[in-house]
Q: 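After the structure tokens below, expect a handful of questions from me.
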Amino acid sequence: MKQQLINLITQSLQSLALDQNDLPKISIERTRSKEHGDFACNIALMLAKPLKKNPLEIAEIIKNHIPANDAIERIDIAPPGFINFYLAKSSYHQLLKTILMQQTQFGTSTVGNNKKVLIEFVSANPTGPLHVGHGRGAAYGASLANLLKTVGFNVETEYYVNDAGRQMDILALSIWLRYLQSNHCLVPFPNNAYQGDYVRDIAHELSEKHGKQLMTTPDIFPEELTSEAATQNDPEGTMDQLIALAKSTLGAENYQVVFNAGLSNILDDIRQDLTEFGVDFTHWFSERSLTNTKLETAIAALKKADYLYQKEGAWWFRATDFGDTKNRVVIRENGQPTYFASDIAYHFDKLSRGYDQLVNIWGADHHGYIPRIQAALQALTGSSDKLNVRLVQFAILYRGNERLSMSTRSGSFVTLRQLREEVSNDAARFFYVMRKPDQHLDFDLELAKKHTKDNPVYYIQYAHARIASVVRNLATTAPNWHWEQINDLNVLSEEEENSLMRLIAKYPEHIESAANQCDPHIIAHYLQELSAQFHAYYNTHKVLVEDQKIRDARLLLIMAIQQVIANGLAILGVSAPEVM
RNA sequence: GCCCUGAUAGCUCAGGUGGAUAGAGCGUCUGCCUCCUAAGCGGAAGGCCGCAGGUUCAACUCCUGCUCAGGGCACCA
């Protein structure tokens, strides 16, 4: 429609005999208020200066030269010089039938051009269950994936499993210590080991499977590793020594037994949790699968292009060449690669898989890391727009006035599973994405559970269910009724009806801009507005009236609304119930 | 010190790549169920869009400076 209007104006502009250089870009916008028609054009305002004429006069000339068109009912000029277009009713009537015909396809487009996009998100360390902070990334990533698919991208999703680092060793140690404790070997449990009950569960399972195979005696733990003083003076150093002790006591094979028990147990739990939450991944990429070869290949690529140099025994990446604040170590003095190095290798691997665009969704606490990873990608690809990093701010959970804290190690966190069970998947998915991601989110558990209009999820779902109910009622009096038989929609003349048709006509535009900005919350807000208008309409005008013409036209309208709500909710990962 | 993100109604937040009179919800006050789901609707009150400049026909929106709030600045992962 916009393009059509632009064409009409372009034709009209020829009458002004303009110098090509004066010709600004023609932009057509939706009007904010219906008193200004459906679309507005500011071209006359832009031309006022070069033409040295009153914008109102210019607008008048343009208006008079616009060719007649069936889709346009009327054109108005408004001060200070806007040209307002009013669409013909018939184009809206046609839209209702289009929506019912296209069903779930309404709102989809091909602007993504089938480009391959990889969205990496959640990627939480497999050292414990997902907590509510991860939930926001999960909900946002899944909705963004749906959104980009809707506008025609070829989307894949990926979870990067950090199964190689020190945190995993701490987990293995924690499990082993719990195992020893449950087998009456009295060893102390450090404060900075993983405290959660799930560690005990995994240890218990280990006992059942492997009996006493992993046992030892308390006397192998030297005093300096177990005393209060030692753990307080250098807690992290003590942990490292305990890990070394575990490795040497258990031997490589048995250590792997403990390690793998932790990893597979927790990863299974995370997988199941996310699946139940409606969040699916195309790939689960293991950090350990980044072999030395892959790492060396990536490092070699950088070395070859002279982006690495040696200083103080370590290898440094020239990140400042690409706008980072300082250069970064990739290979330590001791020859070990840094985490940054394996991240480079990981992204090098992503690139080799042929994606047109990479999207990473990270917690806001990682933002300082962005310049260096962008720098690395720029060094590897020569382009700076291959990777798009979206930051997600923390979600702060409230129960009444109590602010709930989260910390995986202390074990006092609220898990995503607990949250889902308490407020339902639908409410959780909606609440997580109703705020834009770079805004702090206050997640109110009490509100999410309310079954009133205060709760936006139920408000929207209720609109959908109400429409479904009307359609069910119709079936009792007119079982053979079908929308395709309805052709006369001219009886839709109420103010609320016009307004609703205008609103659903905007749905595809909202989808497109939400996708452009990677902002699913736009859809959440749109659905709230649409639902509000529907509820108001429902209360003032009865649908199933005596007059069949009016009844049929109104049915078509509300069924179209129902379809739009269903489509929007699907993108957000929220169900659209028929009955509530 | 440097960097990022915010600052809009009493509260929580929307306000495409500048447009016409800045919008919702909650809360407050107050009406509506012999009628398709009251998990709903209507009405009222509530604003110097953090402050000060600048660009523009036009600034909540863009630029600069400042104030305040949260976060980040490792040869940790």
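A note on names: the letters A, B, ... follow the listed sequences, proteins ahead of strands, and every chain is numbered from 1.
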Q: Using a 4.0 Å heavy-atom cut-off, does A463(A) contact any base of the nucleic acid, only the sugar-phosphate backbone, or nothing at all?
A: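 No contact.
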Q: Among C41(B), A20(B), U12(B), which nucleotide sits nearest the side chain of N539(A)?
A: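 That would be C41(B).
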Q: Do the two ring centres, one from Y432(A) and one from Y140(A), sit under 6.0 Å apart?
A: no
Q: Round to the nearest Å and state the distance from H535(A) atom NE2 to U37(B) atom P.
A: 13 Å
Q: Can you figure out which of A20(B), C36(B), A14(B) approaches the side chain of T31(A) most closely?
A: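 Output: A20(B).
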Q: Quick check, does H451(A) stack with A39(B)? I mean ring centres under 5.5 Å and planes off by under 30°.
A: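 Yes.
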Q: Where does the angle between the aromatic ring planes of F317(A) and Y307(A) fall among parallel (under 30°), tilted (30 to 60°) and perpendicular (over 60°)?
A: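 Correct class here is perpendicular.
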Q: For G16(B), does the glycosidic angle fall within 90° of 0 (syn) or outside that (anti)?
A: syn
Q: Evaluate the side-chain contact (heavy atoms from CB on, under 4.5 Å) criterion for residues N360(A) and I373(A): first the C-alpha distance (whole Å), next the side-chain angles of each, then the deciding distance (0.1 Å), finally the verdict.
A: CA-CA 11 Å; N360(A) 288 4; I373(A) 198 80; 5.5 Å; no
Q: Could you go through the side-chain hydrogen bond (donor to acceptor under 3.5 Å, both in side chains) check for D426(A) and Q461(A) one step at a time?
A: CA-CA 10 Å; D426(A) 281 345; Q461(A) 290 183 320; 3.0 Å; yes
Q: Give the rounded distance in Å between these two atoms: CD of E496(A) and P of C41(B).
A: 13 Å
Q: Could you please name the option among C57(B), G16(B), A14(B) that lies closest to any side-chain atom of M46(A)?
A: C57(B)
Q: Name the nucleic acid region contacted by H510(A), choosing base, sugar-phosphate or nothing; use a 4.0 angstrom heavy-atom cut-off, strictly under.
A: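 The answer is nothing, as H510(A) stays clear of every strand by at least 4.0 Å.
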Q: Relative to the 5' end of RNA chain B, which residue comes earlier, I83(A) or A532(A), by the nucleotide with the nearest heavy atom?
A: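 In this pair, the answer is I83(A).
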Q: L527(A) has an atom CG; how far is it from atom P of A14(B), in whole Å?
A: 16 Å
Q: Determine the contact category for A514(A): base if any of its heavy atoms lies under 4.0 Å from a base atom, sugar-phosphate if only primed atoms, P, OP1 or OP2 are that close, otherwise nothing.
A: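 Nothing: the residue A514(A), judged by heavy atoms under 4.0 Å, touches no strand.
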Q: Please work out whether the ring planes of Y369(A) and F340(A) are parallel, tilted or perpendicular, with thresholds of 30° and 60°.
A: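 Perpendicular, since the angle between the ring planes exceeds 60°.
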Q: What integer number of Å spans the C1' atoms of C3(B) and A39(B)?
A: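 To the nearest whole Å, 47 Å.
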Q: Classify the ring geometry between Y537(A) and H541(A) as parallel (under 30°), tilted (30 to 60°) or perpendicular (over 60°).
A: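 Tilted, since the angle between the ring planes falls between 30° and 60°.
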Q: Between A20(B), U37(B), G19(B), which nucleotide has the shortest distance from any of its atoms to the side chain of H36(A)?
A: A20(B)
Q: Taking only the P atom of each, what is the distance from C62(B) to U5(B) in whole angstrom?
A: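 So the two P atoms sit 12 Å from each other.
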Q: Are the ring of F82(A) and the base ring of A20(B) both nearer than 5.5 Å at their centres and tilted by less than 30°?
A: yes
Q: Provide the distance between the two P atoms, one in C60(B) and one in U21(B), to the nearest whole Å.
A: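 Rounded to whole Å, the distance is 11 Å.
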Q: Examine U37(B): is either OP1 or OP2 under 4.0 Å from a nitrogen or oxygen in the side chain of S469(A)? Give yes or no.
A: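 Yes, because at least one side-chain N or O of S469(A) sits under 4.0 Å from OP1 or OP2 of U37(B).
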Q: Out of curiosity, T338(A) OG1 to I331(A) CD1, how far, rounded to the nearest 0.5 Å?
A: 7.0 Å
Q: Which residue lies toward the 5' end of RNA chain B, I522(A) or A78(A), if each is placed at its nearest nucleotide?
A: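 Nearest nucleotide further toward 5': that of I522(A).
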Q: Under 6.0 Å from the CD atom of E546(A), do we count more than 12 heavy atoms belonging to anything else shown?
A: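 Atom CD in E546(A) is not packed in, count stays at 12 or less.
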Q: State the OG-CG distance between S342(A) and N292(A), to the nearest 0.5 angstrom.
A: 11.0 Å
Q: Nearest to the side chain of L45(A) - C57(B), G15(B), A39(B)?
A: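 Shortest atom-to-atom distance from the side chain points to C57(B).
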Q: Does the side chain of R466(A) get closer than 4.0 angstrom to OP1 or OP2 of A38(B) through an N or O atom?
A: yes
Q: Any salt bridge linking K506(A) with E529(A)? Criterion: basic side-chain nitrogen under 4.0 Å from a carboxylate oxygen.
A: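 Between E529(A) and K506(A) there is no salt bridge, as every charged N stays at least 4.0 Å from the carboxylate O atoms.
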Q: Give the rounded distance in Å between these two atoms: CG of N42(A) and P of A59(B).
A: 15 Å
Q: When Watson-Crick pairs (N1 to N3 and N6-O4 or O6-N4) and G-U wobble pairs (N1-O2 and O6-N3) count only below 3.5 Å on both distances, what is the dot-bracket string of RNA chain B, with | for other-strand pairs?
A: (((((((..((((.....[...)))).(((((.......))))).....(((((..]....))))))))))))....
Q: Using 0.5 Å steps for rounding, measure from the OH atom of Y86(A) to the NE2 atom of H36(A).
A: 7.5 Å
Q: Do N516(A) and G16(B) have a side chain to base donor-acceptor pair shorter than 3.5 Å?
A: no
Q: What is the separation between atom CG on L503(A) and atom C1' on A24(B), rounded to the nearest whole Å?
A: 13 Å
Q: Is the H366(A) ring parallel, tilted or perpendicular to the W362(A) ring (thresholds 30°, 60°)?
A: tilted
Q: Sugar-phosphate means primed atoms, P, OP1 and OP2; the rest is base. With that split, encode nucleotides 68-77 of chain B 5' to 3' as B, S or - using protein heavy atoms under 4.0 Å.
A: --SBS-SBSB
Q: I want to verify the glycosidic state of C48(B); is it syn or anti under the 90° rule?
A: anti
Q: Whole angstroms only, please: what is the OH-P distance between Y538(A) and G42(B)?
A: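 Rounding to the nearest Å, OH of Y538(A) and P of G42(B) are 14 Å apart.
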Q: Regarding A20(B), can its base be found pairing with the side chain of N84(A) as donor and acceptor, where the two atoms are less than 3.5 Å apart?
A: yes
Q: Mind calculating the distance between CG (D444(A)) and P (G25(B)) to the nearest angstrom?
A: 18 Å
Q: So what does V545(A) touch, heavy atoms closer than 4.0 Å: a base, only the sugar-phosphate, or nothing?
A: nothing
Q: Among the candidates G15(B), U12(B), U37(B), find the nucleotide nearest to the side-chain atoms of K436(A).
A: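 For the K436(A) side chain, the nearest candidate turns out to be G15(B).
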Q: Is the phosphate of C36(B) approached by H541(A) (side-chain N or O, under 4.0 Å from OP1 or OP2)?
A: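 Result: no.
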Q: Whole Å only: how far is the NE2 atom of H464(A) from the P atom of C36(B)?
A: 21 Å
